[in-house]
Amino acid sequence: MGSTRPQRLLRAVQKNSTRGDPQSVISAIDHFCRHKEWAMNVGDEKGSILDGVVSEVNPSTALELGTYCGYSTVRIARLLPPGSQLITLEFNPAYAAVAKQVIAWAGLQDKVQLVEGPSGDLIPQMKELFGVKSFDLVFIDHWKDRYLADAQLLEECGLLRKGSVLLADNVICPGTPEYLEYVRNSPRYESRYFKSHLEYTQAEDGLEKSVFLG
Ligand SMILES: O=C(NC/C=C/[C@H]1O[C@@H](n2cnc3cncnc32)[C@H](O)[C@@H]1O)c1cc([N+](=O)[O-])cc(O)c1O
Ligand SMILES: [Mg+2]
């Protein structure tokens, strides 16, 4: 049985980056995806926008929906202040196994809780599993037809507070039309689009930042 793309990505990280150096892990993945095999990481261009929002929010509790190989997990966790936590949800065990090793290689395992399972089942358990009161920042990057349901689930579970920030990837490509329509028209959100490009390509894509107004 040959290797999978996530496994080849992990090997590229172990070969081309320095253990304990998150920036070198990020660069190794971007180089692999740009020059060897495209993969659906948020990438360096949108990643810089993500970095800016993380730094601005400076979250003590953050959530990521869709870990995949852990690229954005590393981007977010490397910027977190001491004592803060990033919870990342991934339901594919093979992807979770690769992501765990990428996160550990970057030396960020103490800041990250990777939870295996479907977001729809796990979000309602966040309070009891991790004692989470509310999330300061949620990075949404899982199946595009789950964005709206999970945003509304976060609201219903009381996991958003006045000022909580939702940051959604791929709102143009592949696109998340019903999510976009919701956050842009709901009086409960103040939403803004950050125009960019689909990772490692010239195609348009962007991130939507939506502040929950309570
Ligand atoms: O399809 C894309 N992303 C879907 C990402 C999906 C990831 O989230 C997990 N997941 C899904 N529902 C889940 C529910 N619960 C937990 N993990 C879940 C999947 O196991 C996968 O690891 C995508 C596609 C392109 N593209 O150009 O085609 C570009 C991008 O940036 C993308 O993010
Ligand atoms: Mg994405």
Side-chain angles (χ1 to χ4, degrees), residues 4-10 13 26 29-30 32-34 36-51 53-54 62-77 86-103 112-126 129-130 132 135 137-154 156-157 159 166-180 183 193-210:
T4 65
R5 177 168 307 178
Q7 287 168 330
R8 293 191 293 273
L9 182 149
L10 171 61
V13 165
I26 292 163
I29 295 173
D30 285 330
F32 176 78
C33 293
R34 201 175 281 286
K36 296 282 187 320
E37 299 184 58
W38 185 92
M40 58 184 177
N41 316 119
V42 73
D44 46 356
E45 192 181 318
K46 288 186 288 179
S48 301
I49 301 168
L50 169 62
D51 290 356
V53 173
V54 174
L63 174 68
E64 176 180 58
L65 303 180
T67 317
Y68 187 43
C69 295
Y71 174 88
S72 45
T73 320
V74 168
R75 283 202 84 108
I76 296 166
L86 169 62
I87 297 169
T88 183
L89 310 184
E90 175 53 57
F91 70 28
N92 180 314
Y95 295 164
V98 165
K100 254 190 201 102
Q101 295 175 78
V102 168
I103 294 158
V112 178
Q113 299 265 9
L114 198 165
V115 190
E116 277 187 52
S119 50
D121 297 350
L122 291 172
I123 286 170
Q125 298 178 55
M126 284 295 110
L129 281 179
F130 299 104
V132 172
F135 290 109
L137 173 69
V138 183
F139 181 56
I140 311 174
D141 193 19
H142 57 341
W143 293 146
K144 310 313 160 193
D145 62 5
R146 285 284 326 166
Y147 281 32
L148 178 53
D150 284 347
Q152 291 173 327
L153 187 56
L154 285 162
E156 285 150 25
C157 295
L159 286 164
L166 303 187
L167 188 66
D169 189 26
N170 310 118
V171 295
I172 302 300
C173 178
T176 62
E178 64 282 351
Y179 172 79
L180 220 40
V183 290
Y193 174 61
F194 290 78
K195 186 175 177 353
S196 185
H197 294 96
L198 180 68
E199 52 266 28
Y200 319 116
T201 78
Q202 311 285 323
E204 180 179 346
D205 189 23
L207 302 174
E208 188 82 2
K209 177 191 170 197
S210 307

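Each ligand, and each atom within it, is numbered from 1 in the order the structure gives. Along the sequence shown, residues carry numbers from 1.
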At a heavy-atom distance under 4.0 Å, which protein residues reach ligand 1? Sort them by chain and number, would you? Trp38, Met40, Gly66, Tyr68, Leu89, Glu90, Phe91, Asn92, Tyr95, Gly117, Pro118, Ser119, Asp141, His142, Trp143, Lys144, Asp169, Asn170, Pro174, Leu198, Glu199
With sequence neighbours excluded, residues passing side chain to side chain contact (heavy atoms under 4.5 Å, CB included) with Pro124: Leu153, Cys157
Given Tyr200 and Asp30, is the side-chain hydrogen bond (donor to acceptor under 3.5 Å, both in side chains) satisfied, shown in steps? CA-CA 8 Å; Tyr200 319 116; Asp30 285 330; 2.7 Å; yes
Excluding water, the protein N, O or S atoms sitting under 2.8 Å from the Mg ion (ligand 2) are Asp141 OD1, Asp169 OD2, Asn170 OD1
If you apply the rule salt bridge (Lys or Arg N to Asp or Glu O under 4.0 Å), what do you find for Lys100 with Glu116, and how did you get there? CA-CA 11 Å; Lys100 254 190 201 102; Glu116 277 187 52; 3.6 Å; yes
Could you please spell out the steps behind the side-chain contact (heavy atoms from CB on, under 4.5 Å) verdict for His142 and Phe91? CA-CA 10 Å; His142 57 341; Phe91 70 28; over 6 Å; no
Member of Val183, Val138, Leu180 meeting the side-chain contact (heavy atoms from CB on, under 4.5 Å) criterion with Ser210: Val183
Short side-chain to backbone donor-acceptor contact, Trp143 and Gly66, under 3.5 Å: no
Scan Thr88, Thr73, Asp141, Asn92 and name whichever one has a side chain to side chain donor-acceptor pair (under 3.5 Å) with Thr67. Thr88
Going through the distances and angles, do Arg146 and Asp150 end up as a salt bridge (Lys or Arg N to Asp or Glu O under 4.0 Å)? CA-CA 6 Å; Arg146 285 284 326 166; Asp150 284 347; 2.4 Å; yes
Under the salt bridge (Lys or Arg N to Asp or Glu O under 4.0 Å) test, residues paired with Glu204 that sit two or more places apart: Lys195
